[in-house]
Amino acid sequence: MMRRATRTGMKVGSHRVDPRPGEVIDRTTSFEFTWNGRPHAAHPGDTIASALAASGVDVFSRSFKYHRPRGLLTASYMDPGCMLQVGDEPNVRGAHRLVRPGMEVSSQDTWPSLSFDVKAVNELARRALPAGFYYKTFMKPARLWPAYERVLERFAHGGRLPAWDASTGSFDQRFAHPDVLVAGGGPAGIAASIAAAAAGASVMLVEEEHELGGHLRWGDEAELSALRSLRDSVAATPGIEVMTNAVVLGRYDDNWVSIVHRGLPHVEERLVKARVGALVVASGLIERPYVFAGNDVPGVMLSTAVRRLINLYAVRPGDRAVVLTANSSGDAAVVDLDRAGVEVVHVEDVRRGGDVVRVRGRSRVRSVELGDGRSVRCDLVVTATGWTAPVSLLTMAGDQPVYVATGARFRPDCANLPANVLATGGVVGDGDLDALVDHAAAVGHEAARRVAGDPASPLPQLDVAPHPALFRGRTHGIVDFSEDVSSKDLFSAVEEGYRSAELAKRYTTATMGPLQGKLETVNAVAVIAEATDRTIAECGTTTWRPPYAPVTLGALAGAEREPVRRSPMQTWHEAHDAVALQAGAWIRPDRYGDPNSEVAAVRDGVGIIDVTPIGKLDLRGPDVARLLNLVYVNKWSKLEVGRVRYGVMCSDDGVVIDDGVTGRLGDDHYLMSTTSSGATAVWEWLELWLQTEHPDWQVHVTPVTTAYASINVAGPRSRELLARVVDDVDLSSDGFPYMHVRTGTVAGVADCVLWRIGFTGELSFEVHAPAGYGLHVWEALVEAGSDLGARAFGVEAQRILRLEKGHLIVGQDTDGLTRAGSAGLDGLVRLDKPDFVGLPELVWHEDAGDGARLVALRTTDATTLPAEGSQLIAETGRLCGRVTSSRFSPTLGRMVILAQVDATLSPPGSEVTIRLVDGGTVRAVVSEHLAQVDPEGVRVRG
Amino acid sequence: MMQVPCPSCGPRHAGEFGYVGEIALRPDPSSTSPGEWREYLYQRRNRADWTVERWYHRMGCRRYFVVERHTVTHEFRTP
């Protein structure tokens, strides 16, 4: 796309002027992009807005309510007039985003086109769209709200969202710990950074624009020269990390600071979270618009906007200019305009009583009426009427800004700031460049001292210079350009009783648009003060909250960094067509083929399943039995070495929180298993009781979940299979009975732990092998069992198997209110123990005898599977429970269902109705046992 | 996000910790009444003042410890 402009003769902009000393464009090349489908030329370094302005584009958007044409106002990130659509990205700040070759840029929310917008008829109906219009018009009757919503959506302002599955680029997060973070890379921010770094601090310097320099960038020769030397000093000072095109979004407790960093190579936006020793706010000043009739007509611009356009991008912003100036920025704009070949037809100086009454024109300024009544033909009106201090970061740190009437702006008070937040530069006060730099250097040095632990010493003063008070002129005009709120709207709101600035703001939506008050808050407060006959100081300002600048959801979410756990056998599973299941942190095989045939293999022969995710805790010490007695509801003091027991844990409210088996490997050595999802929580739970209630107990808890690879070998031929790979353990039913534990060598791997347990309801052995040998043991079992029909089974088959056996899963068949009794575990609970976690509640629960019960349901319809979560209905028609687990049982040829049902309906034989998802119903009867397969438990004991 | 002073690791980001909550003394289970037990389970003072509370340094030393925190200013002090 990049071509040499001179060779192709491509038109690079009729409004481009001769090279400026501080320009940021590269004139040696140019490229093409499109605006509303038409090709335009740009130079590297151009923003979208500067490139369009260079080719004479005046109108960039239509306003929010009345669809009035809007042009450039600030020519900066916060320009309300040029929020644009770029490709499938909406709401791009066109005066900030650098234009790229081939970029497809269009205006937003205009139909059928930007130059002829049908919705501009809104303006004819302006009297019918007063402040609070939505609240008044669309409130009643409430039943019509859906219809109103559809109409309003059409009039909503904003771009097109990308398709939900469109690629949105990559986003990222980063953590940083700078000693000093400087927010704002103007001369003060630069000087503060250099001083802090020179004093030994690590410094992060954050600048919203693409380059350091602030207002010096569009300044005169002397300012450009000062900027060059400041930039050279930054480069020569070690310990300063410069982040441009980045904005500090907010300041939180203990100087936790968030920053959005944009436009990085390969990363759209990065959210930087920084713990900062000292925060130095050097946010400068924002030029404030002037409120008068026609102040939003394209061609009315701030002095900083024309200075940016001319000095940074060599763009002539108009042909005939009238300048309203109250300060040196306006005076400098006059000089810049003149040098750029713009005819300055009139300078209206506020300091000599000048004023502007109204601008005439629609798509471009045609003339301006001055304070003395004269009308001057022109196409550009430049205003320089004052400044707003962006104090938001300071107010987030506790500052309450005070109004300085002589300077016509709020300034930070800084009295309430914590010692680790400082401010310098324009946001604090005025001065020439030397004064600003001296102040900033003192503040930067002090910030570094405070981080080093030195006591806070007082900071130099920087006073606000006198400035004429200019907010609204003699006519009404736009206050909030992004929300289309005029000073007249604010007067109406006050008349209707919304006299407080906070209320009038919410009623009119002034300051609530994309700019969040940066341009408009002080004007809004001034107008409200005028309308309520109060001073601005009496009115006060509104509250600033983070984020200071918009941030994408992508940056907030960041990149996916959740670690995924894989068992040592996962590669085997993947090589054998396992369908993956993400269960908590783990990737597991859900099935390898048909889960029903996997079930059949376990019931008839032998199957092996990878159960590595089961939580495992190694417990050692003389007091382990006391700990087990405390955290489990059943008795543990008499568990002999070599035995395994099933246990259930409750919290002190009696609710079941976890279950699993624990085996005693030696006198003072136990291995506890937990649910897969509860592994960490149980570990922390044990530590809580050990560290807080019983610090005298001698127990050492070590999580070993990933230290062992766990394999369950299940089925009537499991003993036969295991015997082929184990030779130092007697696997006979007398030598290794049900609910016992042995240690031994499996497939040549020593120190394996074997449990004889039976979650599936079949004879089964659970092998825990040192994780590094897990794959070896697994493959040995597969190979040894090939002639036995041994096959791997997944989580789905295991769920069917355990459901046939009536074994509950904590969290599936219980919920956050299920006490042990309700889970059908009464037989397990030993209420005669002197203490265990949850004891009193379980005693009272048993006494009351109410609540739900876990039961198995039997339906007569063998083809209808009631979905988990289906509701149960009693004969009386009231809800009486819900289905917690349901599957088709290939073993029984019918459905197997666990349900929570009211205690009154829990006796076997009780009838309930299951309401299906599709509205149909199925009759069900409560079974005698939870187990539907082998309720007597013969198989597991085989 | 505030920093929590861990007695063994020093000030660390609050996200590293589990918040156990205001200290509530566990009554003797053999003699407690439902009222007293549920007070222990559920009732917290939650005052806008100094509170005594327990934190757990989950991503650090894994110690449970007790600190005093001012619920308005988030200042910490050792009880």
Side-chain angles (χ1 to χ4, degrees), chain A residues 173 175-177 250-258 273-277 397-398 416 418 420 546 629-630 633 650-655 680-681 683-695 700-703 819 831-845 847-848, chain B residues 1-44 52-67 69-77 79:
Chain A
Q173 293 195 353
F175 291 85
H177 302 81
R251 186 267 180 193
Y252 306 86
D253 287 322
D254 294 331
N255 266 0
W256 182 242
V257 173
S258 60
K273 300 175 181 182
R275 180 72 70 184
V276 174
N416 297 311
N420 58 8
N629 250 337
L630 176 69
V633 298
C650 291
S651 50
D652 249 341
D653 55 4
V655 170
T680 306
W683 177 26
E684 295 183 353
W685 184 244
L686 300 187
E687 287 290 346
L688 174 66
W689 289 95
L690 286 171
Q691 290 185 30
T692 64
E693 290 285 321
H694 300 285
H700 202 93
V701 183
T702 310
R819 295 200 171 90
L831 296 177
D832 55 337
K833 284 203 288 184
D835 186 16
F836 64 84
V837 182
L839 170 64
E841 286 290 352
L842 294 181
V843 170
W844 299 322
H845 187 239
D847 291 348
Chain B
M1 193 76 95
M2 61 188 174
Q3 286 188 304
V4 177
C6 171
S8 25
C9 307
R12 294 294 183 95
H13 192 298
E16 291 184 15
F17 296 82
Y19 178 64
V20 182
E22 261 179 55
I23 295 294
L25 289 180
R26 188 170 185 259
D28 179 356
S30 58
S31 60
T32 188
S33 66
E36 182 192 41
W37 188 257
R38 283 157 192 170
E39 182 89 6
Y40 147 70
L41 284 178
Y42 306 118
Q43 298 299 322
R44 300 294 178 266
V52 185
E53 55 193 23
R54 178 168 282 136
W55 291 73
Y56 172 57
H57 197 187
R58 173 172 288 134
M59 299 179 189
C61 60
R62 298 190 170 273
R63 294 296 298 176
Y64 287 89
F65 57 92
V66 175
V67 285
R69 180 176 64 97
H70 198 285
T71 56
V72 178
T73 63
H74 292 341
E75 280 174 276
F76 282 92
R77 68 185 184 199

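Because the structure is a prediction, the values reported are computed rather than measured. In what follows, chains are A, B, ... by sequence order, proteins preceding strands, each numbered from 1.
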Visitor: Most heavy-atom pairs under 4.5 angstrom with chain B, which of Asp835(A), Asp652(A), Thr680(A)?
Guide: Asp652(A)
Visitor: Do other residues, nucleotides or ligands put more than 12 heavy atoms under 6.0 Å from Arg275(A) CZ?
Guide: yes
Visitor: Examine whether an atom of Phe65(B) lies under 4.5 Å from a heavy atom of chain A, and if so say whether it belongs to the side chain, the backbone or both; otherwise answer neither.
Guide: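 Neither part; nothing is under 4.5 Å.
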Visitor: Does any heavy atom of chain B fall under 4.5 Å from the side chain of Gln691(A), the backbone, both, or neither of them?
Guide: side chain
Visitor: Quick one: does Tyr64(B)'s side chain have a donor or acceptor within less than 3.5 Å of a partner on Trp689(A)'s backbone?
Guide: no
Visitor: Counting heavy atoms not belonging to His700(A), are there more than 12 under 6.0 Å from its NE2?
Guide: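 Check fails, neighbour count at 12 or below.
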Visitor: Under the criterion side-chain contact (heavy atoms from CB on, under 4.5 Å), which of Pro29(B), Pro27(B), Ser33(B) is the partner of Pro840(A)?
Guide: Pro29(B)
Visitor: Which distance, rounded to the nearest 0.5 Å, do you find between the OH of Tyr56(B) and the OG1 of Thr692(A)?
Guide: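 Reported value, rounded in 0.5 Å steps: 12.0 Å.
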Visitor: For chain B, find which of Leu839(A), Val843(A), Asp653(A), Leu688(A) contributes the most heavy-atom pairs closer than 4.5 angstrom.
Guide: Leu688(A)
Visitor: Answer with side chain, backbone, both or neither: which region of Arg62(B) has an atom nearer than 4.5 Å to a non-hydrogen atom of chain A?
Guide: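 Its backbone and side chain both get close to chain A.
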Visitor: Find the distance between CD (Glu75(B)) and CG (Asp253(A)) and round it off to the nearest 0.5 Å.
Guide: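 Rounded to the nearest 0.5 Å, the CD-CG separation comes to 11.0 Å.
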Visitor: Heavy-atom distances under 4.5 Å only: say whether Arg63(B) touches chain A with side chain, backbone, both or neither.
Guide: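 When you check distances to chain A, atoms from both the backbone and side chain of Arg63(B) fall under 4.5 Å.
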Visitor: Go through Glu687(A), Glu841(A), Glu693(A) and name the one with the most non-hydrogen pairs under 4.5 angstrom from chain B.
Guide: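 It is Glu841(A).
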Visitor: Could you pull out all residues at least two apart from Asn420(A) that satisfy side chain to side chain contact (heavy atoms under 4.5 Å, CB included)?
Guide: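 Only Arg251(A), Asn255(A), Pro418(A) meet the side chain to side chain contact (heavy atoms under 4.5 Å, CB included) criterion with Asn420(A).
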Visitor: Given His13(B), which of Trp256(A), Phe175(A), Tyr252(A) fulfils the ring-ring contact (aromatic ring centres under 6.0 Å, His included) condition?
Guide: Trp256(A)
